[in-house]
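Heads up: the structure comes next, in structure tokens.
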Amino acid sequence: MLDRAVIDALFPADLPEPEHWEQQYPARELPEGALVTRFGPSPTGFVHIGGIYVATIDQDLARRTGGRYLVRVEDTDQSREVEGALEQFERGFTYFHLAADEDTGRGGAYGPYQQSARERIYLTYVRHLLRQGKAYLDFATKEELAAITQRQQATKLPTGYYGSWAIWRDADPADVQAKLDAGAPYVVRFRAPDDTGARARFTDAIRGPLEAEANRNDVVILKSSDQSPRLPTYHFAHAVDDHLMRVNLVIRGDEWISSVPVHQQLFDALGFEPVTYAHIAPLMKQEGGSKRKLSKRKDPEASVDFYIEAGYPAEAVLYYLRGLANGRLAELPLEQALAEPIRLEECGVAGPLVDLVKLDDIAADHIATLSGADILAAVRTWAERFDPELRGVLDDEPELALRALAVERDGVENPRKDLKKWSDFRPVYGFFFPRLHAAVTGPDDERIAALGVDREVVQAVARDFAADYRQLDDGQEWFEQIREVAAKHGFARNAKEFKKNPDAYPGSIREASQIIRIALTGSTRSPDMHAITQALGRDEVLSRIEPLTK
RNA sequence: GCUCCCAUCGUUCAGCGGCCUAGGACUCCGCCCUUUCAAGGCGGCAACGCGGGUUCGAAUCCCGUUGGGAGUACCA
């Protein structure tokens, strides 16, 4: 073991003792059973939808029990940091209503909430462990480490830094001193307790009792001394931060299960009360015949920006996610499901595939419950960032927008489910606005041509329709106009008749009405035509028919 | 390789020893409604990976096997 003086010389002289931090961050005064949770995003990329999933659970549990929900930025790997990640986090959290009770922006008594700003705290505890001989200095180079791993693999031994492979574990203090004098960089490793064959046991809040081999690896706890700031590895930061922030429930992805044995040893060595763990099954993605974790790099839908850019309502996404976590919530109506508690013991243990088709369905259902005014407000907000032209049009003609949205929505028992996300507004309702409408160019327009009606007939229908056009209030009467024109030009009365004898007619009433629909909306799909003409007004209707008459 | 975790329709959630000839939702396919596309209504296809136990009785418990996932970093 190293002399205390040698150890202390490695740290700032004014570095506080553990008691200092213990007093600065006392136990929280919270009601019995209050859960303190934390979400720890790492700024090595965008927030993952799986992060939203976990953060939702963190927030729900804390709120529900009168506890606290923290967001702590886990930026101990400065080399992998991505520009703009923090801003992206904030966008994501804001969009999904997941703002923390305590974080860097909002502050809190247990900060800083960014690991890179907690260097001194970590150093205190590293020194503490060093002084007790529970940690040691390791000068092994990258090459030496690689060689060790290689030899272990060759002999089919477990890889790692342990036992006789741990070349600096029981090094002669004189050798250590010599390295130090030579200015060699070192890391600090945790001295794994020597309990070969022991089992590590713990109870996961989701999975129940779990066990594994006790850890015997001397994991790195403090990264290389040639870097500044000197930061800890995840394992050590987890122990120190969650203890000092008085977190009592750690919810994280199940890729951490295998690290629990190390974490237990670390908590124990540090003299910390153990925390409860809840390991969540990660969101998956179908690839070929198998599943794999949703990947930030390969899957666009892994990023929260995907949902924000497309304009999925946050409530719909949250509802979907909660349903994945607790099946019970998926059976409830959205509003109720959002208000009901998430229960850890009901969380699934196998990773669910994210199903965008299902999300679409949920979102369409949800938007169908909204009023035209609410939809307009949401679309305007979305368009401000993602479709400025649409935003401008909406601002200029809010009344028209409202009239458009009212079609088959206001006063209807089953509103039309044609909007899954805000970006659908333009393709579905854009035609209402003259500035966004892609008018037909004439009888040869390919959308019209696709109907298979002779161009002369199209022209004739359009001419006759326009010539006698009346802007009627009654939908039935209004449609009679199409019927009359269709009959006059020999269209079949219904699709069946036409199908029976296609050569006898230029088309059926179906084709006749589609001619008008395409002229009016530019598409074969649209809300009720009569309602559309009401919203558009007589002049606009006629001007949209007009190109077909030439 | 080693160590963990997991396993019900295509997807998702339910089922926690008999109520299961396995249920709901999404998808898909029919049919109805209808001037189109939708929406809506009705109906249908479709699963307990496999093999052993335990038990009067197993999707449910145990063991094995297969398959999938994760970890095995000075990444988190």
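For the numbers below, each heavy atom of this structure counts, side chains included, while hydrogens, waters and symmetry mates do not. In what follows, chains carry the letters A, B, and so on, assigned in the order in which the sequence lines appear, proteins first and then strands, with residues in each chain numbered from 1.
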Atom [atom1] of [X] to atom [atom2] of [N]: distance rounded to whole Å?
X: A:Leu332; N: B:rU12; atom1: CG; atom2: P; value: 21 Å
X: A:Phe139; N: B:rC74; atom1: CZ; atom2: C1'; value: 14 Å
X: A:Glu119; N: B:rC74; atom1: CD; atom2: P; value: 20 Å
X: A:Arg252; N: B:rC75; atom1: CZ; atom2: P; value: 17 Å
X: A:Phe236; N: B:rC75; atom1: CZ; atom2: P; value: 15 Å
X: A:Leu145; N: B:rU72; atom1: CG; atom2: C1'; value: 14 Å
X: A:Tyr162; N: B:rA73; atom1: OH; atom2: C1'; value: 16 Å
X: A:Gln152; N: B:rU72; atom1: CD; atom2: P; value: 14 Å

Given the [atom1] atoms of [N] and [M], what is the spacing between them in whole Å?
N: B:rG41; M: B:rU27; atom1: P; value: 12 Å
N: B:rA73; M: B:rU3; atom1: P; value: 16 Å
N: B:rC45; M: B:rU11; atom1: C1'; value: 15 Å
N: B:rA22; M: B:rA59; atom1: P; value: 11 Å
N: B:rG15; M: B:rU60; atom1: C1'; value: 8 Å
N: B:rG67; M: B:rG49; atom1: C1'; value: 7 Å
N: B:rC48; M: B:rC42; atom1: C1'; value: 29 Å
N: B:rC9; M: B:rA70; atom1: C1'; value: 27 Å

Footprint string (nucleotides 4-11 of chain B, 5' to 3'): B base within contact, S backbone only, - free, heavy atoms under 4.0 Å: SSS----S
Summarise how protein sits on nucleotides 27-43 of chain B as a single string, 5' to 3': B when a protein heavy atom is under 4.0 Å from the base, S for sugar-phosphate-only contact, - for no contact. S-------BBBBSS---
Taking any strand in view, what nucleotide pairs with [N] in a Watson-Crick or G-U wobble way, both distances under 3.5 Å?
N: B:rC16; value: none
N: B:rA7; value: B:rU66
N: B:rU60; value: none
N: B:rG1; value: B:rU72
N: B:rG43; value: B:rC29

Taking distance alone, no hydrogens or angles, what donor-acceptor pairs closer than 3.5 Å link side-chain atoms of residues 318-329 of chain A to residues at least two apart or in another chain?
unit_1, atom_1, unit_2, atom_2, d
A:Tyr319, OH, A:Ala330, O, 3.4
A:Tyr319, OH, A:Leu332, O, 2.5
A:Tyr320, OH, A:Asp355, N, 2.8
A:Arg322, NE, A:Ala337, O, 3.1
A:Arg322, NH1, A:Asp60, OD1, 3.4
A:Arg322, NH2, A:Asp60, OD1, 2.9
A:Arg322, NH2, A:Leu338, O, 3.4
A:Arg322, NH2, A:Glu340, O, 2.6
A:Asn326, OD1, A:Arg328, NH2, 3.2
A:Asn326, OD1, A:Arg343, N, 2.6
A:Asn326, ND2, A:Arg343, O, 3.1
A:Arg328, NE, A:Glu346, OE1, 2.8
A:Arg328, NE, A:Glu346, OE2, 3.3
A:Arg328, NH1, A:Glu340, OE1, 3.2
A:Arg328, NH2, A:Pro341, O, 3.0
A:Arg328, NH2, A:Glu346, OE1, 3.3

Taking the minimum atom-to-atom distance to the side chain of A:Ser42, which one of B:rU12, B:rC74, B:rA76 wins? B:rA76
With distance as the sole test, does [X] use its side chain to make a donor-acceptor pair with the main-chain N or O of [Y] at under 3.5 Å?
X: A:Arg483; Y: A:Arg493; result: no
X: A:Asp75; Y: A:Gln115; result: yes
X: A:Asp474; Y: A:Gln476; result: yes
X: A:Arg191; Y: A:Lys134; result: no

What contact category does A:Leu359 fall into here, base, sugar-phosphate, or nothing, at under 4.0 angstrom with non-hydrogen atoms? nothing
Classify A:Glu74 by what it touches in the nucleic acid, base, sugar-phosphate, or nothing, heavy-atom distance under 4.0 Å. sugar-phosphate
[Y] ring center within less than 6.0 Å of [X] ring center:
X: A:His279; Y: A:Tyr277; value: yes
X: A:Trp256; Y: A:Tyr234; value: yes
X: A:Phe491; Y: A:Tyr505; value: no

Return whichever of A:Tyr186 or A:Glu346 has its heavy-atom-nearest nucleotide of RNA chain B closer to the 5' end. A:Glu346
Tell me whether the OP1 or OP2 atom of [N] has a side-chain N or O from [X] closer than 4.0 Å.
X: A:Lys223; N: B:rA76; value: yes
X: A:Lys142; N: B:rA73; value: no
X: A:Thr76; N: B:rA76; value: yes

On the six-membered ring of A:Tyr125, is A:Arg118 placed so that its NZ or CZ lies under 6.0 angstrom from the centre and within 45° of the ring axis? no
Do the numbers put A:Arg72 on top of the ring of A:Tyr113, so that NZ or CZ is under 6.0 Å from the six-membered ring centre and no more than 45° off the axis? no
Give a yes or no on whether A:Glu335 atom CD has more than 12 heavy-atom contacts from other residues, nucleotides or ligands under 6.0 Å away. no
Assign the ring pair A:Tyr469 / A:Trp478 to parallel, tilted or perpendicular, where the plane angle (0 to 90°) is split at 30° and 60°. perpendicular
